[in-house]
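Report on the following structure.
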Amino acid sequence: MEETRAEFARELSAYGLPLLRELGRYATQRGGAKLEAIASERFGFWRPPLNRTRAARVLDYAIFDFRAIGNRQTAAQEYLAERGPIVVPEWRDLLEEWQDASMRLYVLEHWSGGFARCRAALPDDGRTIDVMPLEASSTPLAIGLPLALRALPVAPAFMYPAWPVTFGDRSTADVAAAIVARHHAYVRRERIVSLEEFLRLEGTAFDEEATIGNRPTIIVPGPT
């Protein structure tokens, strides 16, 4: 385990973090897209202001999910198409692996040394991965409860550019059912797509579900 983490740290420092910073710069300069504007347009269910943790999540979205009107590619896809042939091979390999990484639902099995050991829950492909979130938050990660994140491979483990989306004390089955219902509604409203394609197209589905699902219930006094 220590050898694996040491290898991950070397790869992260040498290639993963520099590439992520470059993609962040590219995404925020691309078409003049500002994080505040993207947050207002795509994360309108959040209450302002945009704190550091949420800003990291919006930047993650801006890199891997955001498509401006009339643009069919994300910033990461554009960067690979434009600069893939001239970047170092290690960057190109990472870019190709990161292209299809979408937000997924996991169950937290273990938390140690900055790594979250997560078991895939939606889609449930049976795999378990070790992920290092790159942002901190006062929101704790609870063992056995669901979380959502984008796992970007950096051999031999994964990183996530922000802090995982959490759902309070809701069960994994509850969150999974809510996302599946969102998928069905999308298919009825828009077009037929797979669940995985839906998660790529609707990059804020988990964020919105976390916000809606964790809103306190307001009890209005009245006659009983």
Side-chain angles (χ1 to χ4, degrees), residues 20 38-39 42-46 53-54 56-67 74 76 97-112 114-154 157-215:
L20 190 62
I38 294 176
R42 304 299 171 89
F43 294 81
F45 44 83
W46 281 350
T53 302
R54 286 183 169 177
R57 171 68 186 106
V58 176
L59 182 57
D60 166 50
Y61 177 87
I63 295 170
F64 297 105
D65 294 311
F66 181 68
R67 294 173 175 84
T74 65
E97 288 191 275
W98 292 358
Q99 293 303 295
D100 295 325
S102 60
M103 294 290 288
R104 302 289 185 93
L105 187 68
Y106 296 89
V107 178
L108 180 64
E109 293 192 334
H110 185 62
W111 176 256
S112 175
F115 283 88
R117 175 158 294 177
C118 302
R119 175 171 47 84
L122 189 69
D124 182 2
D125 56 13
R127 70 171 179 162
T128 300
I129 60 174
D130 289 327
V131 186
M132 174 179 281
L134 299 184
E135 187 54 64
S137 173
S138 59
T139 303
L141 300 180
I143 304 299
L145 289 184
L147 52 81
L149 54 81
R150 185 193 320 276
L152 301 178
V154 179
F158 297 80
M159 70 174 180
Y160 175 52
W163 184 253
V165 177
T166 56
F167 304 89
D169 59 359
R170 295 172 66 187
S171 69
T172 303
D174 177 37
V175 176
I179 295 299
V180 169
R182 287 176 178 271
H183 171 225
H184 291 167
Y186 181 92
V187 168
R188 291 193 299 269
R189 184 180 68 250
E190 302 290 342
R191 58 191 174 89
I192 296 176
V193 296
S194 67
L195 175 60
E196 292 197 31
E197 181 65 10
F198 166 74
L199 294 177
R200 279 192 287 271
L201 292 171
E202 296 291 301
T204 63
F206 289 112
D207 307 89
E208 186 171 8
E209 186 58 39
T211 303
I212 294 174
N214 290 330
R215 284 176 182 168

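None of these values were measured; they are calculated from a predicted model. What you see below is based on every heavy atom in this structure, not just the backbone, and it leaves out hydrogens, waters and symmetry mates.
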Ring pair (Phe, Tyr, Trp, His ring centres under 6.0 Å) contacts in which one or both residues fall within residues 116-148, not counting sequence neighbours: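 Qualifying pairs, neighbours excluded: none.
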
Are side-chain heavy atoms of [X] and [Y] found at a separation under 4.5 Å?
X: Leu199; Y: Ile179; answer: yes
X: Phe198; Y: Arg182; answer: yes
X: Glu209; Y: Phe45; answer: no
X: Tyr186; Y: Leu201; answer: yes
X: Pro133; Y: Leu149; answer: no
X: Pro161; Y: Leu59; answer: no
X: Tyr160; Y: Asp60; answer: yes

Side chain to side chain contact (heavy atoms under 4.5 Å, CB included) between Asp65 and Arg150, worked out: CA-CA 11 Å; Asp65 294 311; Arg150 185 193 320 276; 2.5 Å; yes

Nearest heavy-atom neighbours spanning Val131 and Ala151: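 Residues Val131 and Ala151, closest heavy atoms: CG2-CB, 4.4 Å.
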
Derivation and outcome, side chain to side chain contact (heavy atoms under 4.5 Å, CB included), residues Val58 and Phe66: CA-CA 9 Å; Val58 176; Phe66 181 68; over 6 Å; no

[X]: partners by side-chain hydrogen bond (donor to acceptor under 3.5 Å, both in side chains), with sequence neighbours left out:
X: Arg67; value: none
X: Glu202; value: none
X: Glu109; value: Arg119
X: Glu197; value: Arg200

Residue list, side chain to side chain contact (heavy atoms under 4.5 Å, CB included) with [X], at least two apart or on another chain:
X: Arg54; answer: Trp46, Leu50, Asn51
X: Asp174; answer: Arg170, Ser171
X: Ala142; answer: Leu145
X: Arg127; answer: Tyr106, Ala120, Asp125, Ile129, Phe158

Step-by-step side chain to side chain contact (heavy atoms under 4.5 Å, CB included) determination, Phe64 to Leu152: CA-CA 11 Å; Phe64 297 105; Leu152 301 178; 3.7 Å; yes

Which residues share a salt bridge (charged side-chain N to carboxylate O under 4.0 Å, His left out) with Glu190, sequence neighbours left out: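 Checked Glu190 against salt bridge (charged side-chain N to carboxylate O under 4.0 Å, His left out); zero matches.
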
Side chain Thr53, main chain Ala162, donor-acceptor under 3.5 Å: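 Not a single qualifying donor-acceptor pair exists.
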
Main-chain N/O of Val193 paired to His183 side chain as donor or acceptor, under 3.5 Å: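 Yes, the answer is positive, given that a donor and an acceptor are paired below the 3.5 Å cut-off.
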
Test log, rule side chain to side chain contact (heavy atoms under 4.5 Å, CB included), inputs Leu134 and Leu20: CA-CA 11 Å; Leu134 299 184; Leu20 190 62; 3.6 Å; yes

Qualifying salt bridge (Lys or Arg N to Asp or Glu O under 4.0 Å) pairs with a residue from residues 136-146, counting only residues at least two apart or across chains: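 Residue pairs with at least one partner in residues 136-146: there are none.
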
ring-ring contact (aromatic ring centres under 6.0 Å, His included) involving Phe115 - partner list, sequence neighbours excluded: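 Result, ring-ring contact (aromatic ring centres under 6.0 Å, His included) vs Phe115: Phe8.
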
